[in-house]
Number of protein chains: 2
Amino acid sequence: MTELEKGPTGRRRGRGARERILSASQQLFREQGINRTGMDQLCAAAEVSKRTAYQHFTSKDELVAEYLRRFDPTVLSDVFDRTDLTPRERLLAAFDIPPTTPLCPYIGAAVELHDPEHPASRYARDYKKAVAARLADTAREAGAADPEQLGEQLALLIDGAAARTRVLNADAFPTAAAIAAVLIDNAIPATASDDRRREEASS
Amino acid sequence: MTELEKGPTGRRRGRGARERILSASQQLFREQGINRTGMDQLCAAAEVSKRTAYQHFTSKDELVAEYLRRFDPTVLSDVFDRTDLTPRERLLAAFDIPPTTPLCPYIGAAVELHDPEHPASRYARDYKKAVAARLADTAREAGAADPEQLGEQLALLIDGAAARTRVLNADAFPTAAAIAAVLIDNAIPATASDDRRREEASS
DNA sequence: TGTTAAGTACACCGCCCTGTGTGCTTAAGG
DNA sequence: CCTTAAGCACACAGGGCGGTGTACTTAACA
């Protein structure tokens, strides 16, 4: 997309460069953090010359911002678009994704960049709000009394589990899931508990 | 304390150097983060020559470790040693301390250092475990059914509030406190709310 | 064929940062 | 007095990192 194939007649030889850079970013920034990953190392991992990298991204900051923007569609749809689960099960499934994520990249970026006005920090906020909103939507679908509040609470649990997993070096998501179960049961009037009754239940 | 006044006869002229360095660390590391705070700036803020700083701490890593070790007594006793509160109130009071803390320094350090084996990362783990343990003790005192579990859950809420406050740039502790109230009410058998229960009136 | 976009290889600059080397000053003893 | 510890001022090495300049190569066109 973007400017890569918008040449006068449609060249497409170097189609993969930008993708490879972003792909290497996802791996290295997660494994080592943003600040500890130099552009030299990143370009080597992406098998791209440094010169090319700086023709696709004007600065490392811009690359970091793009790196974060990439998660939006991916992570969100993984859990929330599953139609084989009831709304209640979908809410709980959000706590079953830690294996791939050593730490939520958004928390890491916000801490490492340390500037709330950095473009990447803005993306992080947007993403966190989007997650809370989708949780709230699902909570509403599940018939929660106060969906916004439940969504915000569940989002906080996810972030708590991520942070605690990082600091303690031990999986904290089971604890978060246990709390989530309590909150969900408290917030959803005994009407539509679960048992796969995913018809009706709207409004 | 330590090696400063253990000279052959007991000199004490430079008593404040080490303290000033650590004090400046607490301020700067919190405000700017660890990696973004250079030793030059830190020494200037502490009004100490760089040479002196490196005679008290062999490396910046060691200074960071000491900086984190300093919080243990302070933060823990602030909330838990209050005898004017019931155990249940003490558990909730742990969510009333965000004004001074832009972000839990332990989470920040764990993310910035990015090495679980770094001495400072070990202190961070120790501290987090200590907090959970003190919460569990208080939960036991309050008559909770499973104090360890409740302590771990409340600790997760605190970390979640801290992380979310950082990323969203908005205070998330009220949300955490609301969840805490639910968990506490669920975990403590209605019989013994406290010796001093003004009313029940939860929910 | 020539043109043009895309990419490569590699050296290089400037900046900042951790950490040291050196010589000088100050005060507390004896 | 002299000794000794603590500290200061300042320069500087060494390295990493972000970012650039330059010259060369490759492939898709027309």
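Lettering follows sequence order; numbering is per chain, from 1.
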Enquirer: Answer whether the closest heavy-atom distance between the side chains of A/Val111 and B/Arg166 falls below 4.5 Å.
Expert: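 A/Val111 vs B/Arg166: side chains touch.
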Enquirer: Using whole Å, what does the distance between atom C1' of nucleotide C/dC16 and atom CG of A/Asn35 come to?
Expert: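 The answer, rounded to whole Å, is 14 Å.
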Enquirer: Can you tell me how far C1' of C/dT18 sits from CD of B/Glu62, to the nearest Å?
Expert: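 Spelled out: CD on B/Glu62 to C1' on C/dT18 is 14 Å.
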Enquirer: Check whether any side-chain nitrogen or oxygen of B/His56 sits under 4.0 Å from OP1 or OP2 of D/dA6, and answer yes or no.
Expert: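 Checking B/His56 against D/dA6: no side-chain N or O falls below 4.0 Å of OP1 or OP2.
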Enquirer: Which part of the nucleic acid, if any, lies within reach of B/Thr37 when heavy atoms closer than 4.0 Å are counted: base, sugar-phosphate only, or nothing?
Expert: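 Counting heavy atoms under 4.0 Å across all strands, the contact made by B/Thr37 is with sugar-phosphate only.
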Enquirer: Checking B/Glu148 now: which residues fulfil side chain to side chain contact (heavy atoms under 4.5 Å, CB included) with it, not counting sequence neighbours?
Expert: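 If we apply the side chain to side chain contact (heavy atoms under 4.5 Å, CB included) test to B/Glu148, skipping adjacent residues, the hits are B/Arg140, B/Asp146.
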Enquirer: Sequence neighbours left out, what passes salt bridge (Lys or Arg N to Asp or Glu O under 4.0 Å) with A/Glu152? Give chain and number order.
Expert: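 Partners of A/Glu152 by the salt bridge (Lys or Arg N to Asp or Glu O under 4.0 Å) criterion, ordered by chain and then number, come out as B/Arg164.
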Enquirer: Measure from the side-chain heavy atoms of B/Lys60 and tell me the nearest of C/dT18, D/dC8, C/dG7.
Expert: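 Nucleotide nearest to B/Lys60's side chain: C/dT18.
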Enquirer: May I have the distance from B/Phe29 (atom CZ) to C/dC17 (atom P), rounded to whole angstrom?
Expert: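 Rounding to the nearest Å, CZ of B/Phe29 and P of C/dC17 are 12 Å apart.
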Enquirer: With the side chain of B/Met39 defined as its heavy atoms from C-beta on, choose the nearest nucleotide among D/dC8, C/dT18, C/dG7.
Expert: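 Looking only at heavy atoms from C-beta outward on B/Met39, the closest nucleotide is C/dT18.
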Enquirer: Using atom CD1 of A/Ile21 as one end and atom C1' of C/dT8 as the other, report the distance to the nearest whole Å.
Expert: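 Taking CD1 of A/Ile21 and C1' of C/dT8, I get 13 Å after rounding.
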Enquirer: Could you write out each protein N or O paired with an N or O of nucleotides 9-14 of chain D at a distance under 3.5 Å?
Expert:
none

Enquirer: Would you mind reporting whether B/Leu183 and B/Leu150 have side-chain heavy atoms less than 4.5 Å apart?
Expert: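 Heavy-atom side-chain distance check passes, below 4.5 Å.
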Enquirer: Tell me which nucleotide among C/dG19, D/dG19, D/dG7 gets nearest to the side chain of A/Tyr54.
Expert: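 Selected nucleotide: D/dG19.
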Enquirer: Any ring-ring contact (aromatic ring centres under 6.0 Å, His included) involving residues 129-171 of chain B? Give me the pairs, sequence neighbours left out, ordered by first then second residue.
Expert: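 Passing the test, one end in residues 129-171 of chain B: no pairs.
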Enquirer: Which whole-number value in Å describes the distance from A/Arg36 CZ to D/dG15 P?
Expert: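 It works out to 18 Å between those atoms.
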Enquirer: Look at all strands and tell whether A/Asp40 reaches a base, only sugar-phosphate, or nothing, counting heavy atoms closer than 4.0 Å.
Expert: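 No contact.
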Enquirer: Quick one: A/Gln32 CD to D/dG16 P, roughly how many Å, whole number?
Expert: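 Taking CD of A/Gln32 and P of D/dG16, I get 14 Å after rounding.
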Enquirer: Could you pick out which residue, A/Gln41 or A/Thr58, lies toward the 5' side of DNA chain D when each is mapped onto its nearest nucleotide?
Expert: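 Looking at the nearest nucleotide for each, A/Gln41 comes out on the 5' side.
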Enquirer: Let me know the distance between CD of A/Gln55 and P of C/dA9, rounded to the nearest Å.
Expert: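 Result: 14 Å.
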Enquirer: Looking for any heavy atom pair under 4.0 Å, which part of the strands does A/Glu47 touch: base, sugar-phosphate only, or nothing?
Expert: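 It contacts sugar-phosphate atoms only.
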Enquirer: ring-ring contact (aromatic ring centres under 6.0 Å, His included): which pairs involve residues 18-52 of chain A, sequence neighbours left out?
Expert: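 ring-ring contact (aromatic ring centres under 6.0 Å, His included) check on residues 18-52 of chain A returns A/Phe29-A/Tyr67.
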Enquirer: Of all residues at least two apart in sequence or in a different chain, which pass the side chain to side chain donor-acceptor pair (under 3.5 Å) check with B/Arg51?
Expert: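 Result, side chain to side chain donor-acceptor pair (under 3.5 Å) vs B/Arg51: none returned.
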